[in-house]
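Input: a single structure, listed below in structure tokens.
Just so we're clear, the structure is a prediction, and the values are computed from it rather than from any experiment.
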Amino acid sequence: MSKEDLPNAWVVNATKDLKGADPSTLISNTPDGLAVKPLYIAEDHAQSTELPGDEPFTRGIRATMYTGRPWTIRQYAGFSTAQESNAFYRNNLAMGQKGLSVAFDLATHRGYDSDHPRVTGDVGKAGVAIDTVEDMKTLFDGIPLDEMSVSMTMNGAVIPTLAMFIVAGEEQGVDRAKLTGTIQNDILKEFMVRNTYIYPPEPSMRIVADIIEYTASDMPRFNSISISGYHMQEAGASTVQELAFTLADGMEYVRTAKARGLDVDAFAPRLSFFFCIGMDFFMEVAKLRAARQLWSRIMNEMGAKDQRSKMLRTHCQTSGVSLTEQDPYNNIVRTAYEAMAAVLGGTQSLHTNAFDEAMALPTETSARVARNTQLILQHETGVTRTVDPLGGSHYIESLTEDLVNAAWEQIQEIESLGGMTQAVLDGLPKRRIESAAAERQARVDNGSDVVVGVNRYRLDDPVSVDILEVDNTKVRAEQVAQLKTIKASRDNAACESALQHLTKVAQANEGNLLEAAVVAARVRATLGEISTAMEEAFGRYQAIPESVSGVYGKQQENSPEFQSVKAKVEDFVSNKQRRPHLLVAKMGQDGHDRGAKVIASSFTDIGFEVDLSELFVTPEEVAKLCVEKNVDVVGISSLAGGHKSLVPALINALAELDRSDIAVVCGGVIPEQDYEFLKEAGVVEVFGPGTPVTDAANAVLGHILGERRNR
């Protein structure tokens, strides 16, 4: 793009402003490579007479949008026990929240009961622990399920979770036909980014289809799937990648349901979407407009006749990865801007993150601020007075067109591979997203992407904030005790019979898995037992750990800090005749591996020898791997709050193997208040969110050389 692409009259004025310089220097590029001009005029985009509520719904799926009814305030929350989460929900509903969005702990996501030995550090930490129907009933105690819309972010253990929700409704006196809400049920994105899968891709897609089939027949008010781009952006995906891969996922789910013989208009009106809203304000507005336009095109091609099948309805959540530990009150401002972008883009419901979520679960105070951000947006800013207030903006309309074209190109690439299931098996989306994440980290580290309080305008003294800490040991003990009580009081013969039937349904590849699981849940089969019954037929999936290389280093070629630490590594190689050796590991059931992959990729480019552990490993397994690989340092990536139990267990396991010489470092979402605890346990370095990779590499190399030991 050049100045010839700009209006001549403006070029004359701009040249004067720039004192003779070429105005084309003002043309910039988004991270996706989309060119952004400094000025847009009517000729830059197609003129449209489309109205809100008209296909392809670029301007909104309803004619009246927020002038008729504002978006739903739906705060995502869950922690500790069902009792504590229930109290939190009821308080939020009393203070203006309009819908529930349930966060489950990682043990639940991965299909384990709280008494399983692999989940000792995960129970109740990043969501609520659900083991049985009794937990689900407690979670919604006093909340009428025939009146309240409930969204559940669940993919791996989606069958037992939804089965228990249905039974909890029954025992509250609510027929499943009256239940309203959404189950995420988006397993394809789990294989790309979030990794809370249980079974391999093929049987996982059967589960998706069974849920779509069951809900289309028996739960007409319930959304059978929420096709999620949120976790893609959180894992590093660019705007175009999030848009394209999410819609390609949706296409695959529609095909899967149609292959069951379901008419597209029988289920498509109950499909919904879930997008992340980051800090690139106008791109996020345009993304939602482009998503609606593209989905209408896709559904027309798939034979939809019902207008409701062609409407892309979406929930949005403000970005978690944009939140910073440094100067955390800046996060309130970030979340407010992101919330406004979601609303101006036309979302149907919205969650706003709390400012302290870069460190821990939100406190009651930070959750109130997050909720009030939406209430202020609804009641004080005037955004509900008119429909699509940015419609007709030359810039927004041009961005929308650019995103439609760029995303469609990537969708066609996915289609050429045979659709998203095949693309996931090939690993293409995962590689693309991990490359984008490494590029983003490099831009932050070299300062080309400014993050206020992190790489510019830093405070001299860190800000301390109160955080919420869950007593994992106490929660797990309570859950284990309740499990024992339920197993002792249930009809174990009936339970075993129901579980055996579920396994047969899975093995026979006929019958409906959700229908069989509802029967098992009624007789108090646990979440872990229902998951295991299907695992006997399907097996448990384990991804092969891989990371990209060359991406971070290419972005950092001109960085003095990068070149300096790289030179130190090469000196080490010359002196030791080997490379410094780092193992990057994820312990517990946390599958968010963006940070681990970025560290592995960037340290490789710096010159380290780097190994990646598999996901979901125990401290003992990591210690054994450290010894087998003979590493110098093991780096633990923590996001879900299990560091205070898992990391000391790793250090003890290394000692038992007589390898206390292997240094342990930690990084990720770790509250500063926990740093001293970890160091007293034997951790030599803790790298908080926003730490430049070059700083971390210098510190790790110093520990290997013995220069920073026992500081």
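Side-chain N or O atoms of Asn195 include one that pairs as donor or acceptor with a backbone N or O of Val193 at under 3.5 Å. At least one donor-acceptor pair under 3.5 Å links the side chain of Asn155 to the backbone N or O of Asp186. In this structure, the side chain of Lys566 does not engage the main chain of Ile606 through any donor-acceptor pair within 3.5 Å. Here the side chain of Arg334 pairs no donor or acceptor atom with the backbone of Leu323 at under 3.5 angstrom. At least one donor-acceptor pair closer than 3.5 Å links the side chain of Tyr199 to the backbone N or O of Ser531. The backbone N or O of Ala82 sits nowhere less than 3.5 Å from a side-chain atom of Ser85 that would complete a donor-acceptor pair. In this structure, Asn492 contributes its side chain and Lys487 its backbone to a donor-acceptor pair below 3.5 Å. A donor-acceptor pair is defined here as one N or O able to donate and one able to accept, closer than 3.5 Å; such a pair exists between the side chain of Asp113 and the backbone of Gly528. Although no hydrogens or angles enter the test, the distance criterion places no donor-acceptor pair under 3.5 Å between the side chain of Lys189 and the main chain of Arg194. Side-chain atoms of Lys597 come within 3.5 Å of backbone N or O of Glu546 as a donor-acceptor pair.
Taking the charged nitrogens against the carboxylate oxygens, Glu478 and Lys474 do have a contact shorter than 4.0 Å, which makes a salt bridge. Using a 4.0 Å cut-off between a side-chain N of Lys or Arg and a carboxylate O of Asp or Glu, Arg490 and Glu134 do not qualify as a salt bridge.
Arg524 is listed as a side-chain neighbour of Val133, based on a closest heavy-atom distance under 4.5 Å. Between Pro692 and Glu561, the closest side-chain pair of non-hydrogen atoms is not below 4.5 Å. At a threshold of 4.5 Å between non-hydrogen side-chain atoms, the residues Pro328 and Val463 count as touching. Residues Ile636 and Val665 have side chains not in contact (no heavy-atom distance under 4.5 Å, counting atoms from C-beta outward). Looking at heavy atoms from C-beta onward, Gln479 lies out of side-chain contact with Asp115 at the 4.5 angstrom threshold. The side-chain heavy atoms of Val693 and Ile599, taken from C-beta on, include a pair separated by under 4.5 Å. Residues Phe538 and Ser204 form no side-chain contact, since every pair of their non-hydrogen atoms from C-beta on lies 4.5 Å or further apart. Side-chain contact between Val634 and Leu650 is present, with at least one heavy-atom pair separated by less than 4.5 Å.
Counted by atom type alone, Gln83 and Thr138 present zero donor-acceptor pairs between their side chains at under 3.5 Å. No side-chain donor-acceptor contact under 3.5 Å links His703 and Asp632.
The local environment of CG in Asp658 is sparse, with at most 12 non-hydrogen atoms from other residues, nucleotides or ligands closer than 6.0 Å. Atom CD1 of Ile544 has 12 or fewer neighbouring heavy atoms from other residues, nucleotides or ligands inside a 6.0 Å radius. Other residues, nucleotides and ligands place no more than 12 heavy atoms under 6.0 Å from the NZ atom of Lys629. Residue Glu364 places its CD atom among 12 or fewer non-hydrogen atoms of other residues, nucleotides or ligands, all under 6.0 Å distant.
Nearest heavy-atom pair across Leu654 and Cys626 is CD2-CB, 4.0 Å. For the pair Met232 and Ile433, the tightest heavy-atom approach, listed with the atom from each and the gap, is O-CG2, 4.0 Å. Of all heavy-atom pairs between Ala358 and Glu325, the closest is CB-N, 3.8 Å. Counting all heavy atoms, side chain and backbone alike, Pro648 lies closest to His643 at CD-O, 3.4 Å. Heavy atoms only, all atoms of each residue included: Ser435 and Val551 are closest at O-CG1, 3.4 Å. Of all the heavy atoms in Ala129 and Asp105, the pair that sits closest is CB-OD2, 3.3 Å.
Going from atom CE of Met136 over to atom CG of Asp131 covers 10.5 Å, rounded to the nearest 0.5 Å. To the nearest 0.5 Å, the span separating OG on Ser322 from CG on Asn331 amounts to 7.0 Å. Distance NZ/Lys586 to CG/Asp593: 7.0 Å, rounded to 0.5 Å. One finds the CZ atom of Phe165 at 4.5 Å from the CE atom of Met152 (value rounded to the nearest 0.5 Å). The CE atom of Met534 sits 5.5 Å away from atom CD1 of Ile159, with the distance rounded to the nearest 0.5 Å. Note that CG of Leu582 is 11.5 Å distant from CD1 of Ile662, once rounded to the nearest 0.5 Å.
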side-chain contact (heavy atoms from CB on, under 4.5 Å) evaluation trace for Val598 with Arg440:
CA-CA 10 Å; Val598 166; Arg440 163 67 174 166; over 6 Å; no
CA sep, side-chain torsions, deciding dist, call: Glu496, Gln500, side chain to side chain donor-acceptor pair (under 3.5 Å):
CA-CA 6 Å; Glu496 183 60 30; Gln500 288 176 0; 3.2 Å; yes
Set out, in order, the CA-CA distance, both residues' side-chain angles and the distance that settles side-chain contact (heavy atoms from CB on, under 4.5 Å) for Glu529 and Cys495, then state yes or no.
CA-CA 10 Å; Glu529 289 170 336; Cys495 182; 4.0 Å; yes
Show your reasoning for whether side chain to side chain donor-acceptor pair (under 3.5 Å) applies to Gln482 and Asp135.
CA-CA 9 Å; Gln482 182 166 283; Asp135 287 327; 2.6 Å; yes
Audit row: Glu536, Leu499, side-chain contact (heavy atoms from CB on, under 4.5 Å) steps and yes/no:
CA-CA 11 Å; Glu536 288 182 19; Leu499 290 170; over 6 Å; no
Step by step, would you call Val119 with Leu106 a side-chain contact (heavy atoms from CB on, under 4.5 Å)?
CA-CA 8 Å; Val119 300; Leu106 290 166; over 6 Å; no
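Results of the side-chain contact (heavy atoms from CB on, under 4.5 Å) test with Val584 over Val633, Asp611, Val610 single out Val610 as the only residue that passes. Screening Phe608, Tyr552, Phe562 for a ring-ring contact (aromatic ring centres under 6.0 Å, His included) involving Phe603 leaves a single residue, Phe608.
Under the 6.0 Å distance and 45° angle rule, Arg110 counts as a cation-pi partner of Phe616.
Residue pairs meeting the ring-ring contact (aromatic ring centres under 6.0 Å, His included) criterion with at least one member in residues 659-695, sequence neighbours excluded, do not occur.
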